[in-house]
Amino acid sequence: MPRFVIFDLDQTLVDRKSALNDAVTGLGRVHTLGPDAERWLRTELADRANAADFVRLREAFDLEVPAAQLWQEYVSLMAAAVTCRPEVPEGLARLRAAAWTIGIATNGASDIQRAKLAATGLADLVDGVAVSGDLEIRKPDLRLFELAATRCGVNLADGGWMVGDNPAGDIGGGQEAGLRTIWLRGRAWPDGLRAAHHIVEDVTDAITILLNETSE
């Protein structure tokens with residue numbers, strides 16, 4: 001098994017939920033959006049966010065500020081608010097020291113996902129990144145996994161690992177891509193999906209599993 005692993009980003013390597021809450025609060029404060037608009041944003045952006053959401057926000061609440069400005073402000077607020085526990089980059093650094101090639105495959109708009117990677121310093125710890133907005137596709141689409149592998153300079157057909165919290169997108173997609181999988185427990189597991197190779201409570205546990213694979 002080659003030393004190649006693809007990680008999901010949101011709720012795997014970084015805490016998106018807390019960042020979303022902080023970013024919406026900040027945007028609401030700047031533009032005096034009011035509780036209804038903030039509630040709308042938290043609901044509509046719960047799983048993903050893109051520029052079109054802010055066009056809908058502007059129309060729904062008759063806002064004067066341009067949608068493009070709202071989107072860019074949201075991207076900046078998310079980048080400022082997103083957090084990554086120190087143990088996570090430390091674990092990635094240990095993987096790289098053990099000659100692992102590390103990729104990220106994440107659903108989301110390209111600008112906001114890369115802003116998160118830059119803000120947390122994760123961009124410097126991985127070999128390649130594939131964002132769904134790059135191709136206008138989303139996990140579990142095989143092409144996103146292929147793009148991540150290509151950007152890491154490896155061949156997906158040679159195998160590797162996928163680590164993530166989304167059963168269908170990360171684990172199901174990883175399985176279809178021929179990867180071994182590690183699931184971060186949290187979301188409901190859908191009927192009919194094959195079990196992951198490992199189930200963990202935290203991404204650092206997944207990193208430990210990978211490092212143990214290296215030493216075997």
Closest approach of Leu156 to Glu146 (non-hydrogen atoms, all atoms of both residues):
CD2-CG, 3.6 Å
Between Arg114 and Thr106, is there a side-chain donor-acceptor contact under 3.5 Å, judged purely by atom types and distance?
no
Assess whether side-chain contact (heavy atoms from CB on, under 4.5 Å) is satisfied between Val126 and Phe7, documenting all intermediate values.
CA-CA 10 Å; Val126 301; Phe7 287 93; over 6 Å; no
With a 3.5 Å distance limit and no angle check, can you tell me whether Lys139 reaches the backbone of Gly173 through a side-chain donor-acceptor pair?
no
Report the C-alpha distance between Glu213 and Arg3 in whole Å, list the side-chain angles of each, state the deciding distance to 0.1 Å, and finish with yes or no for side-chain contact (heavy atoms from CB on, under 4.5 Å).
CA-CA 9 Å; Glu213 288 279 330; Arg3 297 181 184 181; over 6 Å; no
How about Arg143: does its CZ atom have over 12 heavy atoms from other parts shown lying under 6.0 Å from it?
no
Take atom CZ in Arg151; do more than 12 heavy atoms of anything else shown fall under 6.0 Å from it?
yes
Carboxylate-amine/guanidinium contact Arg85 Asp202, below 4.0 Å:
yes
Give the intermediate values and the outcome of side-chain contact (heavy atoms from CB on, under 4.5 Å) for residues His31 and Leu63.
CA-CA 9 Å; His31 295 289; Leu63 303 178; over 6 Å; no
Smallest heavy-atom separation, Arg56 atom then Asp53 atom, equals NH2-OD1, 2.8 Å
Is Leu9 reachable from Leu135 through a run of I, L, V, M, F, W or Y residues, each pair having side-chain heavy atoms under 4.5 Å apart?
no
ILVMFWY cluster, Trp40 and Met78 together (side-chain gap under 4.5 Å):
yes
Sole candidate of Asp10, Ile171, Asp170 that passes side chain to side chain contact (heavy atoms under 4.5 Å, CB included) when paired with Asp165
Asp170
Just how far is it from atom OG1 of Thr120 to atom CG of Asp15, taken to the nearest 0.5 Å?
12.0 Å
State the NZ-CD distance between Lys17 and Gln11, to the nearest 0.5 angstrom.
5.0 Å
Indicate if Val129 and Val75 have the same hydrophobic cluster label, given that clusters are the connected sets of ILVMFWY residues with side-chain heavy-atom separations under 4.5 angstrom.
no
Heavy-atom closest pair (Trp100 atom, Leu210 atom, distance to 0.1 Å) is CZ2-O, 3.3 Å
Is there a chain of hydrophobic side chains (I, L, V, M, F, W, Y, each step under 4.5 Å between heavy atoms) that links Val30 to Phe54?
no
Residue pair Glu87 / Thr204, side-chain donor-acceptor N/O under 3.5 Å
no
Testing the basics here: between Ile6 and Ala148, what is the closest heavy-atom pair and its distance to 0.1 Å?
CD1-CB, 4.0 Å
To the nearest 0.5 Å, what is the distance between CG (Leu125) and CG (Leu13)?
10.0 Å
From CG (Leu95) to CD (Glu90), nearest 0.5 Å:
12.5 Å
Measuring only between side-chain heavy atoms, which start at C-beta, is Leu179 closer than 4.5 Å to Phe145?
yes
Ala168 to Pro140 - nearest heavy-atom pair and separation
O-CB, 3.5 Å
Do Arg185 and Ile199 have side-chain heavy atoms sitting under 4.5 Å apart?
yes
CG/Asn107 to CZ/Arg138 distance, rounded to the nearest 0.5 angstrom?
4.0 Å
State yes or no: do Leu144 and Met162 share one hydrophobic cluster built from I, L, V, M, F, W and Y residues joined by side-chain heavy-atom distances below 4.5 Å, directly or via other members?
no
Using side chain to side chain contact (heavy atoms under 4.5 Å, CB included) as the criterion, point out the one residue from Asp8, Leu122, Val203 that pairs with Val14.
Leu122
Counterpart residues, salt bridge (Lys or Arg N to Asp or Glu O under 4.0 Å), relative to Arg39 (two or more places apart)
Asp36
Say whether, by atom type as modelled, one donor and one acceptor occur between the side chain of Thr181 and the main chain of Ala196 under 3.5 angstrom.
no
Report the C-alpha distance between Trp183 and Leu193 in whole Å, list the side-chain angles of each, state the deciding distance to 0.1 Å, and finish with yes or no for side-chain contact (heavy atoms from CB on, under 4.5 Å).
CA-CA 12 Å; Trp183 179 50; Leu193 182 64; over 6 Å; no
What's the separation between atom CZ in Arg58 and atom CD in Glu64, rounded to the nearest 0.5 Å?
8.5 Å
Heavy-atom side-chain contact between Gln72 and Asp111 under 4.5 Å:
yes
Salt bridge between Glu38 and Arg42, side-chain N to carboxylate O under 4.0 Å?
yes
Minimum heavy-atom separation for Gly91 to Ile207, with atom names?
O-CG2, 3.7 Å
In Val82, Thr25, Leu45, the residue satisfying side chain to side chain contact (heavy atoms under 4.5 Å, CB included) with Leu20 is Leu45
